[in-house]
Amino acid sequence: MSDENPGPAGLPEYAERVLEVAERIPPGRVMTYGDIAEWLEEGGPRQVGRAMSLYGRAVPWWRVVRSDGVLLPGAEQRALAHYRAEGTPLRDSAAGPRLDMRRARWDGSDGGGGRLHD
DNA sequence: ATAATGACGTCGG
DNA sequence: TCCGACGCCATTA
């Protein structure tokens with residue numbers, strides 16, 4: 001049987017962990033698919049992306065982004081509105097606004113002294 | 001079992 | 001900066 005091991009919330013355990021991290025990302029900051037995978041020490045960027053596409057609608061999905069800072073295809077306007085509202089660092093490129101990963105990327109550590117950037 | 005697909009990532013040109 | 005080729009890995013066809 002194609003078992004998915006649904007957790008208490010009714011979704012696969014792995015997806016549940018991904019969503020848990022996504023909810024942890026502070027406003028104005030973002031995390032990449034790859035970073036979340038490493039942080040979980042399980043799966044890879046594509047698995048995180050899959051989990052988000054299937055179950056991520058209930059969490060701040062706009063804070064989970066690609067490493068190159070490209071806005072989520074198909075939801076660019078929605079994402080942009082959130083970024084502006086949260087003050088997420090953006091960058092202007094010829095093709096349009098992109099995330100300024102250098103400043104927006106969050107490593108998973110809380111602000112309490114554990115910041116590695118900036 | 002093999003091939004194609006996807007909310008990815010890195011590298012070379 | 002932009003674009004294509006490859007690598008990666010679970011799911012689908």
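Residue numbers start from 1 in every chain, and the chains themselves are labelled A, B, ... in the order their sequence lines are given, proteins ahead of strands.
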Hey, does [X] reach any base, or is it just sugar-phosphate, or nothing, if we go heavy atoms under 4.0 Å?
X: A:S53; answer: base
X: A:R46; answer: base
X: A:R98; answer: sugar-phosphate
X: A:G44; answer: nothing
X: A:A95; answer: sugar-phosphate

Using the ring of each side chain (for Trp, its six-membered ring), is A:W62 parallel, tilted or perpendicular to A:H82, with breaks at 30° and 60°?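 If you compare the ring of A:W62 with that of A:H82, the planes turn out parallel.
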Do A:L90 and A:L99 have side-chain heavy atoms sitting under 4.5 Å apart?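 Contact flag for A:L90/A:L99 side chains = yes.
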Would you say that A:M101 contacts A:V65 through its side chain, given a criterion of any heavy-atom pair below 4.5 Å between the two side chains?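 Yes. Closest side-chain heavy atoms under 4.5 Å.
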Judged by atom type as modelled, is there a donor-acceptor pair below 3.5 Å linking the side chain of A:Y14 to the main-chain atoms of A:E42?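 Yes.
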I'd like the P distance from C:dA5 over to B:dA4, given in whole Å.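 After rounding to an integer number of Å, I get 15 Å for this pair.
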Whole-angstrom distance between B:dA7 and C:dC2, as gauged at atom P: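 Comparing P positions in B:dA7 and C:dC2 gives a spacing of 22 Å.
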Considering only heavy atoms of chain A and a distance under 4.0 Å, specify the first and last nucleotide of DNA chain B in 5' to 3' order that meet this criterion.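 First-to-last contact on DNA chain B, by the 4.0 Å heavy-atom rule, is B:dG6 to B:dT10.
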Atom [atom1] of [X] to atom [atom2] of [N]: distance rounded to whole Å?
X: A:E42; N: C:dC8; atom1: CD; atom2: C1'; value: 16 Å
X: A:Y14; N: C:dA10; atom1: OH; atom2: C1'; value: 10 Å
X: A:M101; N: C:dT1; atom1: CE; atom2: C1'; value: 18 Å
X: A:I36; N: C:dA10; atom1: CD1; atom2: C1'; value: 17 Å
X: A:Y55; N: C:dA10; atom1: OH; atom2: C1'; value: 12 Å

Is the closest basic N to carboxylate O distance between A:R29 and A:D107 below 4.0 Å?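 Not counted as a salt bridge, because no side-chain N and carboxylate O are separated by less than 4.0 Å.
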Pair A:R24 + A:E20: basic N to acidic O under 4.0 Å: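 Salt bridge absent between A:R24 and A:E20.
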How long is the straight-line distance from CD of A:E23 back to CH2 of A:W61, given to the nearest 0.5 Å?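 CD of A:E23 is found 15.0 Å from CH2 of A:W61.
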